[in-house]
Structures are given as structure tokens and as C-alpha cells.
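Given the structure is predicted, the values throughout are model-derived calculations rather than measurements. Atoms within each ligand, like the ligands themselves, are counted from 1 in listed order. For the numbers below, each heavy atom of this structure counts, side chains included, while hydrogens, waters and symmetry mates do not. One-based numbering along the sequence shown.
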Amino acid sequence: MKRIKIKEALLQGKAGDEILIKGWVRTFRSNRFIHINDGSTIHNLQAVLDFENFDEQELKRITTGACLALEGSLVESMGKGQHIEMQVTKFEILGECDPNVYPLQPKKHSLEFLRSIAHLRPRTNTFGAVLRVRHALAYAIHNYFNNKGFFYLHTPIITGSDCEGAGEMFRVSTLDPRNLPKNEDGTIDYSKDFFGRETNLTVSGQLEGELGAMAISEIYTFGPTFRAENSNTPRHLAEFWMIEPEMAFCDLNDNMDLAEDFLKYLIQYALNTCADDLQFLSARQQEEEKNKPQDQRSMELLEKLKFIIDNRFARITYTEAIDILENSKPNKKGQFQFPISGFGTDLQSEHERYLVEKHFKCPVILTDYPKEIKAFYMKQNPDGKTVRAMDILFPGIGEIVGGSQREESYDKLLNRIHELGLKEEDFWWYLDTRRFGSAEHSGFGLGFERLVLFVTGMSNIRDVIPFPRTPKSAEF
Ligand code: 4AD
Ligand code: MG
């Protein structure tokens, strides 16, 4: 008999169907009821055994965590919570599981504990749901861009440049750290290294993405991104996935329109295709929220997702935002950890969240930031002070998207590279796009895990990627 998935059995199965399923035991009660799950859905299949028909020793091997193959027929269920169940005629233990040492017990475990067993946590309801939503969103991203005629461009993971200019990079080298080749002045001789130069893991695919847009007009990247910033926060990972569309013949307004439409599409897609998982995650979040004071509780998950889709994002300039923040209650009462000190202040997560959650009560797109706090490649405004940047801020998350119109003038771009003390020779190929047929263009980066965090209602970014990489943690 061909194995079918539990999702199929529950959705399409009819009483009388003979089926074979395989999965892991969640619970086994009264020597009679097995709740089994294969990860295809949040729902378990209830399988019923008549223990008189089976060997007692064999039954003892059915434990939480064991992997089983079950054969039998579907029957209408008398019990609560399922319309159909399986009457087992034959079972086989594919993999035993000693319940005395198996860390996952049929009870609620803390997320902190589950992080320490990330190799097993996909077997829990919560992580099963998160992984399925994560998959759906990844699929929807490709769908969205494919439908719009964008091309998926594979940008390199190993690079020689620092796109964001923050110097937060992981070095890639095959040199022996105990025996480094040196130049005469004592510095390391990277010409002896694998690539014959200094290289690192990419912090963004944007620079190469721009090369693509300057040839095939509209591209997107979707790949792993690495940042060696020592940020131990619930919103930072050292290894995360980023989606970066880049569009020729596109200004900042077109860029914002695309980003807003894109985010709404993705959220709608999750609502359409992950209803069961989102319902489960919503109930889970409601349970957690009970421990918080009333005024700190967030909106119910599905309501929150619909709210994003139904409302236009507020759009204001950085300068307007600073004005709002300067005059805000928490600033006047000294409640911000980082007080607002006029134009030039780099906004912290507490400020972003104030704007979104307290002032506008909807997502906010901030534009035209001071050039000093943004990357070298952003288009310079005529005021000489600001650049055509845009950040999208979400409730509970803060910045979810960062993007800009790009500086298309060769002279202005080169000037900025010099001003910032960057090495012109590192960017010769990037600068060439501005020498050979330059054009207005824009793009943005969406942090994939921040999106998954938002859509699943989870509160720590470490819980929305299968195997998180953070400072002092790269197990699994
Ligand atoms: O704002 P960022 O640094 O922008 C760029 O990298 C541009 N090159 C994007 C572009 O214009 N093509 O990063 C973009 C997004 C952030 O808004 C955030 O969602 C996410 O990437 N991000 C992180 N997510 C998790 N962990 C981190 N350490 C992150 N750093 C950035
Ligand atoms: Mg940013």
C-alpha cells in the first residue's frame, strides 16, 4: 500500500478507506489511542488500537516520540475534535524512542528550553506551524515576483566588498591562523589567501543586484545574509535571509508602492493558505499575552494581519518623525533610553515602535534620512543633507524593510565613496554601471525572519528560523 500523508487522510479521507500512514507518536493513551503526526499539518490523526488483537510486548514499544507505520481503515469518529479516525489493523515500529531520555514530553515546554533542543523542536506543534508558515511565505515571495516579471538573481555569498559599510563581516579565509603570511609592514598578506584577496560573507546582495537591474531591469535576490554585529536582541540574527528586489526606471515612490503591495500580498497569502497553523499560533499567543499587563497586550494575530492588509501605510519624512518624537510624552518625560536630540539622531527600536504603535497605530514608511546615518549608495537629495532612503516600520517589530533610491550620478557616488573613506578600487565594477548607461533605479531589502516573526506572532527571531545563529551560539 502507498503511504499517504496525514493531511490528506484528514482532508480527503472517507469512512471505509484503507490507508497507510507514517509518523511520530505524540501521545499514546489507555493502550488504545495513538495521536500521531507527520508534520504535514498541525492536526494529529487519532489511531485506535484494539489491544486484545496485538502482542503486549509490541504495544509497550509504542511511546511518545517513536516512529510508526500504521495500516487500517478510516472510520467516523465518536470523539471530540476530529471527524474521522483510524482503526488500526497492523502496525510497525520504524524507530523506537526511549521515553525516559526523550526530551520532548507531551506537555508544554518553554521556548528557551526548546532552543536548546533545536534538533527536535520541529516535532512540536508550535515549530511545525512556524516551519510551514515560513515555507508558505518563501513560496509566495517567488510567486509574487515571478507574476510581476522579475528575475531571480543569485548573488554571491562570498564577496570582497562591504555593501552596508558597517564593517560587520565574517571573514572567509583558508589561511592558517597560526602561521599567517605577512607583508613587509607586518600586515597580513591576503594575496596568499584562497581568493588572492580579503573576502567575507555577504551582508547584502544589493550591489550585485544593481548590476542585474542595469541589464534585465527587474530582479530580486533571496538568500542567506551574514552580519557579525554583536546584537543580542529578539530581532537580530548573525545569519538571516533577505529578499532584495532591485528595479531600473523606478524612483522612491514606486519603490514604496512595491514594498507595501508586496508585504500585503505575502500576509494575504499566509492567511489564505495557512489558516489552521495561524489559528493555532493565534491561540498560543493569546495564552502568552495573558501574562502581560492589559495595555501591553498586542492585537489578536489574525486581526492584526488583516489590519495590515486593510490600511494604507503612513508615509512621513525622517524630519517629520523627529519632530513627532521630540514632542512625544516619553521623550519629554525622559522615558526613552535614547533621548531624541534633533536632526541626525539615529532612530532606535523604541522610537520606531513609538511611531508605529502609539502615534500612527499602523505601519509607517520613513523617508529622507540624514545621509550620515545611511549607506553610501543612496541618492542624495538637493538639500545636501538627506538621502532618498525609506524604512518600513511594523508594530512589534520596528524596521522590517530598508531600502532607497540609488545614486545614479557617477560623480556624486564617487564623491560619497571618498567622503566616507571607502576604497574606490573595491567598487570599480559597481561604479561602472554609472559610467555605462546609468539610469534611475531603486530597491529594498526585506528581512525574511522579521516577516515570519510578524506573521506567526512569535516574539523571538530565534524561534522562526530552524537553526539560529547568534553571538556565542552556532550549535546544530
Ligand atoms: O536595512 P538593511 O541593512 O538594508 C540593506 O541591507 C540594503 N542593502 C537593502 C537594499 O536596499 N537592497 O537590511 C534590510 C533588512 C532590515 O530592514 C531587516 O528587516 C533585515 O534586513 N535585517 C536583519 N534581520 C535579522 N537579523 C539581522 N541582524 C538583520 N539586519 C538586517
Ligand atoms: Mg536598515
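Taking distance alone, with nitrogen or oxygen atoms compared against 3.5 Å, S404 stays at or beyond that limit from ligand 1. Residue F240 places no N or O, backbone or side chain, under 3.5 Å from any N or O of ligand 1. Considering backbone and side-chain N/O atoms, M242 never comes within less than 3.5 Å of an N/O atom of ligand 1. Between V203 and ligand 1, not a single N/O pair is under 3.5 Å apart. Looking at E399 next to ligand 1, an N or O pair under 3.5 Å apart turns up.
Residue contacts with ligand 1 for F444 involve N, CA, C or O but no side-chain atom from C-beta outward (heavy atoms, distance under 4.0 Å). If you look at I400 next to ligand 1, the close heavy atoms, those under 4.0 Å, all belong to the backbone. For R406, every heavy-atom contact with ligand 1 shorter than 4.0 Å involves the side chain, none the backbone. Residue contacts with ligand 1 for V401 involve N, CA, C or O but no side-chain atom from C-beta outward (heavy atoms, distance under 4.0 Å). Counting heavy atoms closer than 4.0 Å to ligand 1, residue Y220 contributes nothing at all.
Among the atoms of E399, an N, O or S atom is found under 2.8 Å from the Mg ion (ligand 2).
Residues E260 and M256 fail the side-chain proximity criterion, which asks for heavy atoms closer than 4.5 Å. Two residues are said to be in side-chain contact when any heavy atoms from C-beta on lie closer than 4.5 Å; F467 and R121 fail this criterion.
At least one heavy atom of E229 sits less than 4.0 Å from an atom of ligand 1. Assignment of E449 to the shell around ligand 1 is not supported, since no heavy atom sits closer than 4.0 Å.
Using a cut-off of 4.0 Å between Lys/Arg side-chain N and Asp/Glu carboxylate O, E350 and R353 are scored as not salt-bridged. Contact check on R406 versus E246 returns a salt bridge, with a Lys/Arg side-chain nitrogen under 4.0 Å from an Asp/Glu carboxylate oxygen.
Just one residue in the list V203, L237, L201 forms a side-chain contact (heavy atoms from CB on, under 4.5 Å) with F226, and that residue is L201.
Closest protein heavy atom to atom 9 (C) of ligand 1: E244 OE2, 3.3 Å. For atom 20 (C) of ligand 1, the closest heavy atom belonging to the protein is G447 CA, 3.6 Å. Remark: minimum distance from atom 15 (C) of ligand 1 to any protein heavy atom is reached at G445 O, 3.6 Å. Of the protein's non-hydrogen atoms, the one nearest atom 3 (O) of ligand 1 is R227 NH1, 2.8 Å. Of the protein's non-hydrogen atoms, E164 OE2, 3.3 Å is the one closest to atom 5 (C) of ligand 1.
Judged by distance alone, the side chains of E408 and H441 never bring a donor and an acceptor atom under 3.5 Å apart. In summary, the side chains of S204 and E244 do present a donor paired with an acceptor at a separation below 3.5 Å, with no hydrogens or angles considered. In this structure, a donor-acceptor pair under 3.5 Å is present between the side chains of R26 and N125.
Remark: K361 is not positioned above the aromatic ring of F307, lacking an NZ or CZ atom under 6.0 angstrom from the ring centre and at most 45 degrees off the axis. A cation-pi contact, defined as under 6.0 Å to the ring centre and within 45° of the axis, links K264 to F313.
Using bins of under 30°, 30° to 60° and over 60° for the plane-to-plane angle, the ring pair F336/Y354 lands in the perpendicular bin.
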